[in-house]
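What's counted below: heavy atoms across the whole structure, side chains too, no hydrogens, waters or symmetry copies.
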Amino acid sequence: MNQRLALPILLFVAILTGFAPAKIGVFEQNADIGNPKVAGSSKFDPATNVYTMKGAGYNIWFERDEFQYLFRKLSGDFTVTADFAFVGTGTDPHRKVGWMVRESNAGDASHLSAVLHGDGLSVLQWRVEKGKMMRDPEDEIFSKEKTFQTIQIERKGNNYIMRAAAKGATLQEVGAHEMENLGKEVMVGLFICSHNPAVLEEAQISNVKIVSNNQ
């Protein structure tokens with residue numbers, strides 16, 4: 001086969017067979033992490049620049065997670081920011097949405113998450129090592145406020161800083177944590193979890209900004 005024709009043909013076959021994940025906005029792909037009972041989804045509307053995510057899952061806690069993830073890989077230092085809004089009143093007040101930095105797509109992977117709950121609770125939380133039990137309160141930092149719309153994570157080396165703001169307000173620091181086990185290249189993205197295995201929750205995310213701080 002002519003080598004100039006081989007690559008386009010292989011790419012076409014990969015797309016037809018589902019082996020070439022389609023980009024969703026600025027993200028590389030989406031996936032249900034931890035095999036939740038109800039399948040989630042992630043979509044992007046280029047006309048409004050709004051992401052709509054639907055996800056189920058028992059929780060993001062203890063020694064494993066279940067949720068819908070929309071992500072890309074980033075290396076080095078970065079800052080990611082977005083506005084989050086749940087759709088509907090929801091079933092469980094602990095449904096959650098936010099940013100997550102993760103070492104892999106394994107259900108028990110180490111991660112750090114900036115979380116907005118359905119009842120307004122905002123938390124920086126993490127799993128220190130793959131398969132480890134997430135502890136309360138050792139593995140979380142709570143915000144005193146509950147009116148946030150904008151959530152941000154900044155990575156500086158091994159240090160991760162969560163900032164948040166109410167609508168129209170200035171970002172303020174919620175907390176920071178060192179994650180030495182997360183490598184230079186990590187998965188970074190948006191997530192949604194219903195905190196109920198049988199329920200599919202929905203959120204809309206706008207004003208998504210991903211900035212590499214290595215330049």
Side-chain angles (χ1 to χ4, degrees), residues 27 33-34 55 57-84 94-166 169-193 195 203 205 208-214:
F27 298 96
I33 305 299
Y58 92 100
N59 203 352
I60 300 173
W61 198 251
F62 301 118
E63 79 285 359
R64 66 179 190 88
D65 311 315
E66 292 179 358
F67 63 98
Q68 166 72 191
Y69 197 29
L70 177 59
F71 61 92
R72 61 185 287 181
K73 291 183 178 179
L74 291 176
S75 296
D77 295 344
F78 56 79
T79 303
V80 292
T81 313
D83 293 340
F84 297 86
H94 286 283
R95 60 182 173 154
K96 46 182 69 88
V97 68
W99 283 106
M100 180 181 293
V101 181
R102 199 169 183 91
E103 66 177 347
S104 77
N105 60 5
D108 62 349
S110 176
H111 71 84
L112 177 136
S113 305
V115 182
L116 178 64
H117 292 76
D119 62 358
L121 178 68
S122 300
V123 185
L124 179 66
Q125 62 184 46
W126 54 86
R127 178 177 293 114
V128 296
E129 188 177 332
K130 177 178 168 61
K132 291 289 187 180
M133 186 77 70
M134 293 177 70
R135 303 160 298 171
D136 181 7
E138 293 91 342
D139 297 329
E140 56 193 347
I141 299 173
F142 291 89
S143 170
K144 295 180 181 179
E145 299 186 22
K146 290 189 174 183
T147 58
F148 294 134
Q149 172 182 284
T150 306
I151 301 292
Q152 180 184 87
I153 290 180
E154 181 181 6
R155 170 173 167 168
K156 294 181 177 180
N158 294 328
N159 191 44
Y160 292 83
I161 305 163
M162 176 184 176
R163 300 185 183 93
T170 302
L171 285 165
Q172 57 183 288
E173 185 171 325
V174 173
H177 184 68
E178 294 279 339
M179 293 288 287
E180 295 183 358
N181 61 306
L182 292 179
K184 183 177 180 180
E185 183 178 79
V186 289
M187 300 166 66
V188 183
L190 310 170
F191 73 88
I192 182 169
C193 172
H195 200 77
I205 303 97
V208 173
K209 297 178 183 178
I210 298 178
V211 178
S212 172
N213 299 333
N214 298 313

Problem - Pairs satisfying ring-ring contact (aromatic ring centres under 6.0 Å, His included), at least one member in residues 119-160, at least two apart - result: W126-H177
Practice task
Output all residues satisfying side chain to side chain donor-acceptor pair (under 3.5 Å) with N181, sequence neighbours left out; order by chain, then residue number.
Solution key: S110
Problem - Residues forming a side chain to side chain donor-acceptor pair (under 3.5 Å) with E66, sequence neighbours excluded - result: R64
What are the two closest non-hydrogen atoms of [X] and [Y], and how far apart are they?
X    : Y    : value
A176 : I161 : CB-CG1, 4.0 Å
W99  : F191 : O-CE2, 3.4 Å
V123 : L121 : CG2-CG, 3.7 Å
G55  : Q68  : CA-CB, 3.9 Å
A164 : V174 : CB-CG2, 4.0 Å
L182 : E103 : CD2-CB, 3.7 Å

Exercise for the section: Test V186 against every option in R155, K73, H111 by the side-chain contact (heavy atoms from CB on, under 4.5 Å) rule and name the one that passes. Expected result: R155
Are [X] and [Y] side-chain neighbours, meaning at least one heavy-atom pair lies under 4.5 Å?
X    : Y    : value
I153 : L112 : yes
W61  : H195 : no
E154 : N213 : yes
Q152 : T79  : yes
V97  : L190 : no
K96  : F67  : no
N159 : E178 : yes
Q125 : I60  : yes

Problem - Nearest-0.5 Å distance, NZ of residue K209 to CG of residue D83 - result: 8.5 Å
Problem - Nearest-0.5 Å distance that lies between atom OH in Y69 and atom CD1 in I192 - result: 14.5 Å
Practice task
Look at the rings of F62 and Y58 and say which category their plane angle falls in: under 30° parallel, 30 to 60° tilted, over 60° perpendicular.
Solution key: parallel
Problem - Parallel, tilted or perpendicular: ring planes of H94 versus H117, cut at 30 and 60 degrees - result: perpendicular
Problem - Stepwise salt bridge (charged side-chain N to carboxylate O under 4.0 Å, His left out) test for K130 and D108 - result: CA-CA 6 Å; K130 177 178 168 61; D108 62 349; 2.5 Å; yes
Practice task
Test salt bridge (charged side-chain N to carboxylate O under 4.0 Å, His left out) on R102 and D65 and set out the steps.
Solution key: CA-CA 11 Å; R102 199 169 183 91; D65 311 315; 2.9 Å; yes
Practice task
Check whether more than 12 heavy atoms from other residues, nucleotides or ligands sit under 6.0 Å from atom CD of E180, and answer yes or no.
Solution key: no
Problem - Donor-acceptor under 3.5 Å (S113 side chain, V115 main chain) - result: no
